[in-house]
Amino acid sequence: MSPQVAFQLESTDAPMARLAPATAEASVELYWLPLGAGGWFVRLNGRIWEAMHARWEHRRPLDLYHTALVVRVPEGRYVIEDCWPIPDADGPARGVLVEGPVGSRRLGRWRAFRYEVRCWPDGIIADANEAVASPQLLTNDPAVAGRLLGLVGALPSPVWGRDELRTGEMWNSNSVIAWLLANSGLPIDPIRPPAGGRAPGCQAGLAVAHRSPMASPHPRPTTQRDTMRTPRVGAGGSPAATARTEGPGCLIGPCSCR
């Protein structure tokens, strides 16, 4: 069975999650954040969206989750998260490496209709206290953790809310995390959302990663704390990925980032 299906639709009981140790020299930790944590509008929007999909698919509605990563390497700790809306224009302060449009590319000229992918040194996850069965330890291998960090700048930047790559699912924040995990070489099959929940968008990220996996492993960063604070700037002054491709979206409302 394809790991795409397992990652998105299957679930696990909270006690089964491998919880990360309080400190580690190197690790990759996954956080399951209830969609709309800290914001009633996003939560209501997500519930309506899920109710419609559940009815269409002849199943009961499930809890929706937004994912984020905390990556530790000997050089420091980084928070990786795809966030929309963008709070202000000071992306470098949040370690922003990639931006993309929301809804349509024409709308993306305005900050209110762009999302950002952060690789934030010593950063924070908004509403982390509401995370379920988290943090989930995925690896403590320094090489894998460093490789994942090196991949962030190469993320695709599809329109959030569109299925441009014909994956059968729209692109969202979960697509970003799934793409990173798959391309870093981490096993996807054991990863499950909390019981009774799902993370829409994961299948899109996995599908894109499996179509064109990164040809060579990325080296573990040694002096990246400063470079990650200064994203590469592309046309129009927006942070640009080092290897752009086009892809999909999942418009179920902004993530819980603040």
Side-chain angles (χ1 to χ4, degrees), residues 2 4-5 7-9 33 35-36 39 41-57 62 64-68 80-87 91 96-118 151-183 193 198-213 231 234-257:
S2 169
Q4 298 175 17
V5 177
F7 186 78
Q8 181 183 351
L9 296 179
L33 304 163
L35 184 71
F41 177 79
V42 177
R43 185 162 50 248
L44 177 61
N45 191 12
R47 286 177 178 173
I48 294 172
W49 184 90
E50 171 63 5
M52 293 170 60
H53 275 255
R55 184 169 183 177
W56 178 262
E57 296 169 357
L62 301 173
L64 300 182
Y65 287 92
H66 159 73
T67 50
I80 300 176
E81 192 171 16
D82 184 340
C83 295
W84 170 58
I86 296 174
V96 173
L97 292 185
V98 176
E99 286 188 9
V102 173
S104 80
R105 295 201 174 274
R106 290 184 178 180
L107 291 174
R109 70 184 68 180
W110 293 288
R111 192 176 74 232
F113 294 96
R114 292 199 308 273
Y115 64 87
E116 64 181 27
V117 181
R118 303 168 182 171
L151 284 165
V152 179
L155 271 160
S157 58
V159 175
W160 183 322
R162 296 290 180 266
D163 186 8
E164 294 178 338
L165 289 187
R166 305 292 192 271
T167 63
E169 187 178 41
M170 296 182 288
W171 189 272
N172 67 5
S173 55
N174 291 326
S175 310
V176 166
I177 300 301
W179 187 93
L180 288 170
L181 295 179
N183 273 316
R198 70 187 190 99
C202 291
Q203 181 174 334
L206 292 172
V208 175
H210 294 158
R211 286 177 186 175
S212 55
S238 297
T242 56
R244 295 271 194 192
T245 58
E246 300 303 323
C250 181
L251 200 57
I252 56 178
C255 76
S256 58
C257 305

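If you read the sequence from its start, that first residue is 1, and numbering goes on from there.
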**OP:** Answer whether the closest heavy-atom distance between the side chains of N172 and W84 falls below 4.5 Å.
**Re:** no
Original post:
Is there side-chain contact between Y115 and S157, with at least one heavy-atom pair below 4.5 Å?
Top reply: yes
**OP:** Write down the atom of A68, the atom of I177, and the distance for their closest heavy-atom approach.
**Re:** CA-CD1, 4.2 Å
Subject >> Verdict with supporting geometry, S173 and W160, side-chain contact (heavy atoms from CB on, under 4.5 Å) >> reply: CA-CA 8 Å; S173 55; W160 183 322; 4.1 Å; yes
Subject >> 4.5 Å side-chain heavy-atom contact, V159 and R105 >> reply: yes
Original post:
With sequence neighbours left out, what residues match R109 under side chain to side chain contact (heavy atoms under 4.5 Å, CB included)?
Top reply: R106
Original post:
Distance from R114 atom CZ to L107 atom CG, nearest 0.5 Å?
Top reply: 11.5 Å
Original post:
At their closest point, which heavy atom of A199 faces which heavy atom of C202, and how far apart are they?
Top reply: O-SG, 3.2 Å
Original post:
R111 and E99: side-chain contact (heavy atoms from CB on, under 4.5 Å), yes or no, with the steps?
Top reply: CA-CA 10 Å; R111 192 176 74 232; E99 286 188 9; over 6 Å; no
Original post:
Where is the tightest heavy-atom contact between Q203 and T167, given as atom of each residue plus distance?
Top reply: NE2-O, 4.0 Å
**OP:** Output the distance between atom CG (L206) and atom CG (N183), rounded to the nearest 0.5 Å.
**Re:** 9.5 Å
Original post:
Between E169 and N174, does a side-chain contact (heavy atoms from CB on, under 4.5 Å) hold up when you go through it step by step?
Top reply: CA-CA 11 Å; E169 187 178 41; N174 291 326; over 6 Å; no
Original post:
Looking only at heavy atoms, which two atoms of A209 and A182 are closest? And how far apart?
Top reply: CB-CB, 3.7 Å
Original post:
Any sub-3.5 Å donor-acceptor pair from D82's side-chain atoms to V117's backbone N or O?
Top reply: no
Subject >> Min side-chain heavy-atom separation I80-R118 under 4.5 Å >> reply: no
**OP:** May I ask you to test the V208-P156 pair for a side-chain heavy-atom distance under 4.5 Å?
**Re:** yes
**OP:** Indicate the atoms forming the closest heavy-atom contact of I86 with E116, along with that distance.
**Re:** CG2-OE1, 3.3 Å
